[in-house]
Undergrad: 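The structure is given below, and queries will be raised subsequently.
Values in this document were obtained by computation on a predicted structure and should not be read as measured data.
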Amino acid sequence: MAIFSKRQAMIISSVATARSMTIRFSGGVMADAIHTSWVASRYNHHNAGAAGAFVAPTSSCRRSISSSSRSAQSLLPTVQLLANTRSTTTINSSLTRRHFSATDGGDDDQQSSHNNNEEQLKPRTITLPNKTGDRNGLIRHQIIAEDGHPLRLYSRNKRKNGVETPDNIHQQRNTDVQRAVLLIHGRTWSSQPVFDLRTSDDDVKRQSTLQSLADLGFHAYALDLRGFGETLRDYSEPVCGYTTPRRCVADVKCAIDWITKRHKLDEIDDASDNNMSINIPGMESPTTINYRPALVGWSQGALVAQMYAQMHGTSTLSDLVLFGSIYDPKIIYPRKPLYDPSGALISGGPNVKKPPPPEVRNTDIDSLEDFTLPGTICDEAALCYSKLALAVDPVKGAWDELHEFNILNPALVHVPTMVLVGAQDPYTSWDAQRELFDRLGTEDKAMCVLPGCDHAAHILKARKMFVRAVAGFLLRKDEF
């Protein structure tokens, strides 16, 4: 058990300072270092209309608080919608479907086939939109999913003394390998406002999660799911313009494969496996560093990340972070009827004919609903978040087939996992978070509670705690 104790010490030293976080390890007890207040309320958090059940903690943890008196409407004036889609999208419908090939990527990477033994496939005539301009060096990657749909990935270069350095993916040494991590946004907003918020060009306040992780040496990427940000809605059958959990998982798989091949992490991981200090057939040493990409999902994106880990995790991921997960075993998402009143098949098969998704405009109030604690975010940051969110997502994403989330089962997650949550997150249930952690199918796990934070802890003034928590967990096996 000495190895396990050492890992705990590494996480403690990397993640928490005295009386600043509450951490629960798989082999230990929750150390309540803060006064936690939980909101016992019901909030309709899902487009499908399923209300989450939020249960107050047990008596030892219960603190009654009043709801925040500061509403999103009084926080900021109305924000003008920015709909400056500058690039057009053209699709040659005669082109055949093809798989992406993971070539080196830069701005708007276009993939091409390099297999001389197979028929060369003609690339698609398609360009994803750039809705927000340069944004001071935001790197855009375009990859093609297995069904031919283009996906948008974002990244940023590491800064040295305040100056960005080129991302040279070929100069990696096994003794000093940069780890890779993929970030998945939630149910409403693109990865741009969620993971790359900046109130200044130089991001001196370190508000961008992408930039902060890159500065720490990570190859950090953020994905726009279909119908969000700069990834277009997919109007082909059977999704018909909607965003579905299984389609999201397939797109995450595409992004993980692309990142793995781009940084040759599969080769590095194989080399590491061949030099394991403890080599048990069929088992990985608990102290061996796994160089596969890590996956971080936020809010409903955490459900997508958990679903991905259940289906593909052990062979493709090093670690999993479920941040602000809205997982609740008490919620069962209802199935839709198979047929509409006219008798047309609208659910349950590959030949469905769904009605067009609704075109519902997002509002400035929508963009501020995740900020619920007075004083946790400055007006400038909230205004920038709202402006950027509405620029990239003027229309609400159309989620469908949410019953696909019903397969979620923490016991089927065998990837090392951290459950990360704000202490005053109104969209999560304490009992659900605890059950999620307890039932995880891995002993390599940790739980971290960020004090004084609500649902969007990574954007608030306490965002450095979030970055330290994530980095500490991902680097817990590294030497220091």
Undergrad: Is the closest side-chain donor-acceptor distance between Ser325 and Gln433 under 3.5 Å?
TA: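 On atom types as modelled, these side chains do not qualify, holding no pair under 3.5 Å.
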Undergrad: What do the steps show when you test Asp364 against Leu390 for side-chain contact (heavy atoms from CB on, under 4.5 Å), and what is the final call?
TA: CA-CA 7 Å; Asp364 57 319; Leu390 294 173; 4.3 Å; yes
Undergrad: Look at the aromatic rings of Tyr333 and Phe405 and report parallel, tilted or perpendicular, splitting at 30° and 60°.
TA: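 Correct class here is tilted.
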Undergrad: Return yes if some donor-acceptor pair links the side-chain N/O of Asp251 with the main-chain N/O of Leu225 below 3.5 Å, else return no.
TA: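 Here the side-chain-to-backbone pair does not exist.
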Undergrad: Between Ser212 and Thr209, is there a donor-acceptor pair closer than 3.5 Å when you use the side chain of the first and the backbone of the second?
TA: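 Not a single qualifying donor-acceptor pair exists.
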Undergrad: Going from OG on Ser208 to CG on Leu213, what distance comes out if it is rounded to the nearest 0.5 angstrom?
TA: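 Going from the OG atom of Ser208 to the CG atom of Leu213 covers 8.5 Å.
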Undergrad: Does Glu359 come within less than 4.0 Å of Arg233, counting only side-chain N to carboxylate O?
TA: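 Counted as a salt bridge, because a side-chain N and a carboxylate O are separated by less than 4.0 Å.
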Undergrad: Are any non-hydrogen side-chain atoms of Cys448 and Met418 less than 4.5 angstrom apart?
TA: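 Yes, close enough: below the 4.5 Å cut-off.
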Undergrad: Between atom SG of Cys248 and atom NZ of Lys253, what is the distance when rounded to the nearest 0.5 Å?
TA: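 Atom-to-atom, Cys248:SG and Lys253:NZ are 16.0 Å apart.
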Undergrad: Measure the SG-CG distance between Cys254 and Leu223 for me, rounded to the nearest 0.5 Å.
TA: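 Here the interatomic distance stands at 8.5 Å.
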Undergrad: Does any donor atom in the side chain of His455 or Ser299 lie under 3.5 Å from an acceptor atom in the other side chain?
TA: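 His455 vs Ser299: donor-acceptor pair found between side chains.
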Undergrad: Could you go through the ring-ring contact (aromatic ring centres under 6.0 Å, His included) check for Phe195 and His458 one step at a time?
TA: CA-CA 8 Å; Phe195 296 120; His458 61 300; 5.6 Å; yes
Undergrad: Do Tyr154 and Gln192 get their side chains close enough for a donor-acceptor pair, meaning under 3.5 Å?
TA: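 Checked: Tyr154/Gln192 side chains pair up, N/O donor to acceptor below 3.5 Å.
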Undergrad: Is there a donor-acceptor pair under 3.5 Å between the side chain of Gln142 and the backbone N or O of Arg152?
TA: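 Checking the backbone N and O of Arg152 against the side chain of Gln142, no donor-acceptor pair under 3.5 Å is found.
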Undergrad: Work out which heavy atom in Arg292 is nearest to a heavy atom in Thr316; give both atom names and the distance.
TA: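 Result for this residue pair: CB-O, 3.5 Å.
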Undergrad: Please check if the side chain of Thr260 supplies one atom and the backbone of Ile256 the other of a donor-acceptor pair under 3.5 Å.
TA: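 Such a contact is found between Thr260 side chain and Ile256 backbone.
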Undergrad: What residues, two or more places apart in sequence or in another chain, satisfy salt bridge (Lys or Arg N to Asp or Glu O under 4.0 Å) together with Asp196?
TA: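 Applying salt bridge (Lys or Arg N to Asp or Glu O under 4.0 Å) to Asp196 gives Arg135, Arg156.
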Undergrad: Give the minimum heavy-atom separation between Pro357 and Gly241, together with the two atoms involved.
TA: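 Shortest heavy-atom contact: CG-O, 3.7 Å.
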Undergrad: To the nearest 0.5 Å, what is the distance between CZ on Phe371 and OG1 on Thr376?
TA: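 Nearest 0.5 Å value for the CZ-OG1 distance: 8.0 Å.
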Undergrad: Is the ring pair Trp399/Phe228 parallel, tilted or perpendicular, if the boundaries are 30 and 60 degrees?
TA: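 Tilted: the ring planes of Trp399 and Phe228 meet at 30° to 60°.
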Undergrad: Looking at Lys131 and Asp393, is any side-chain nitrogen of the basic one under 4.0 Å from a carboxylate oxygen of the acidic one?
TA: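 Looking at Lys131 together with Asp393, the answer is no, because their closest N to O distance does not fall below 4.0 Å.
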Undergrad: Sub-3.5 Å donor-acceptor pair from the side chain of Lys461 to the main-chain atoms of Gly375, do we have one?
TA: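 Yes; at least one donor-acceptor contact below 3.5 Å.
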Undergrad: Closest heavy-atom contact between Leu450 and Ala457?
TA: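 That would be CD1-CB, 3.7 Å.
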Undergrad: Provide the closest heavy-atom pair for Met311 versus Val249 in the form atom of the first, atom of the second, distance.
TA: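 Closest approach of Met311 to Val249: SD-CG1, 3.9 Å.
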Undergrad: Enumerate the salt bridge (Lys or Arg N to Asp or Glu O under 4.0 Å) contacts for residues 306-326, please, sequence neighbours excluded, ordered by first and then second residue.
TA: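 Sorted result for residues 306-326: Arg179-Asp319, Asp319-Arg476.
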Undergrad: Looking only at non-hydrogen atoms, find the nearest pair between His414 and Thr314 and report the distance.
TA: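 Of all heavy-atom pairs spanning His414 and Thr314, the closest is CB-CG2, 3.7 Å.
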Undergrad: Suppose we screen for salt bridge (Lys or Arg N to Asp or Glu O under 4.0 Å). Which residues come up paired with Asp215, at least two apart in sequence or across chains?
TA: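 Asp215 satisfies salt bridge (Lys or Arg N to Asp or Glu O under 4.0 Å) with Arg159, Arg206 only.
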Undergrad: Once the angle between the rings of Phe323 and Phe466 is folded into 0 to 90°, is it parallel (under 30°), tilted (30 to 60°) or perpendicular (over 60°)?
TA: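 Aromatic pair Phe323/Phe466 classed tilted.
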Undergrad: Determine, step by step, whether Glu401 and Arg247 satisfy the salt bridge (Lys or Arg N to Asp or Glu O under 4.0 Å) criterion, reporting the C-alpha distance in whole Å, the side-chain angles of both residues, the deciding distance to 0.1 Å, and the verdict.
TA: CA-CA 10 Å; Glu401 310 290 353; Arg247 185 61 260 174; over 6 Å; no
Undergrad: I'd like to know if Lys387 pairs up with Glu380 as an ion pair, taking the criterion as any Lys NZ or Arg NE/NH1/NH2 lying under 4.0 Å from an Asp or Glu carboxylate oxygen.
TA: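 A salt bridge is absent here (no side-chain N lies under 4.0 Å from a carboxylate O).
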Undergrad: Please say whether more than 12 non-hydrogen atoms of neighbouring residues, nucleotides or ligands are located less than 6.0 Å from OH in Tyr339.
TA: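 No.
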Undergrad: Nearest 0.5 Å, please: how far is OG1 in Thr244 from CG in Leu402?
TA: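 Output value for this atom pair is 9.5 Å.
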Undergrad: Would a line drawn from the ring center of His141 to the ring center of Tyr221 be shorter than 6.0 Å?
TA: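 They qualify: ring centres under 6.0 Å apart.
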Undergrad: Give a yes or no on whether the backbone of Tyr291 and the side-chain of Ser318 come within a donor-acceptor separation of less than 3.5 Å.
TA: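 No.
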Undergrad: Once rounded to the nearest 0.5 Å, what's the spacing between atom CD1 of Ile346 and atom NZ of Lys354?
TA: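 Those atoms lie 9.0 Å apart.
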Undergrad: How far apart are the closest heavy atoms of Pro451 and Ala423, and which atoms are they?
TA: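 Looks like CA-CB, 4.0 Å.
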Undergrad: With the threshold set at 4.0 Å, does a side-chain nitrogen-carboxylate oxygen contact exist between Asp257 and Lys261?
TA: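 Looking at Asp257 and Lys261, the cut-off is not met.
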Undergrad: Does Gln310 reach the main-chain N or O of Ile407 with its side chain, forming a donor-acceptor pair under 3.5 Å?
TA: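 Checked: pair present.
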Undergrad: Is the number of heavy atoms from other residues, nucleotides or ligands within 6.0 Å of CZ (Arg439) greater than 12?
TA: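 Yes, enclosed.
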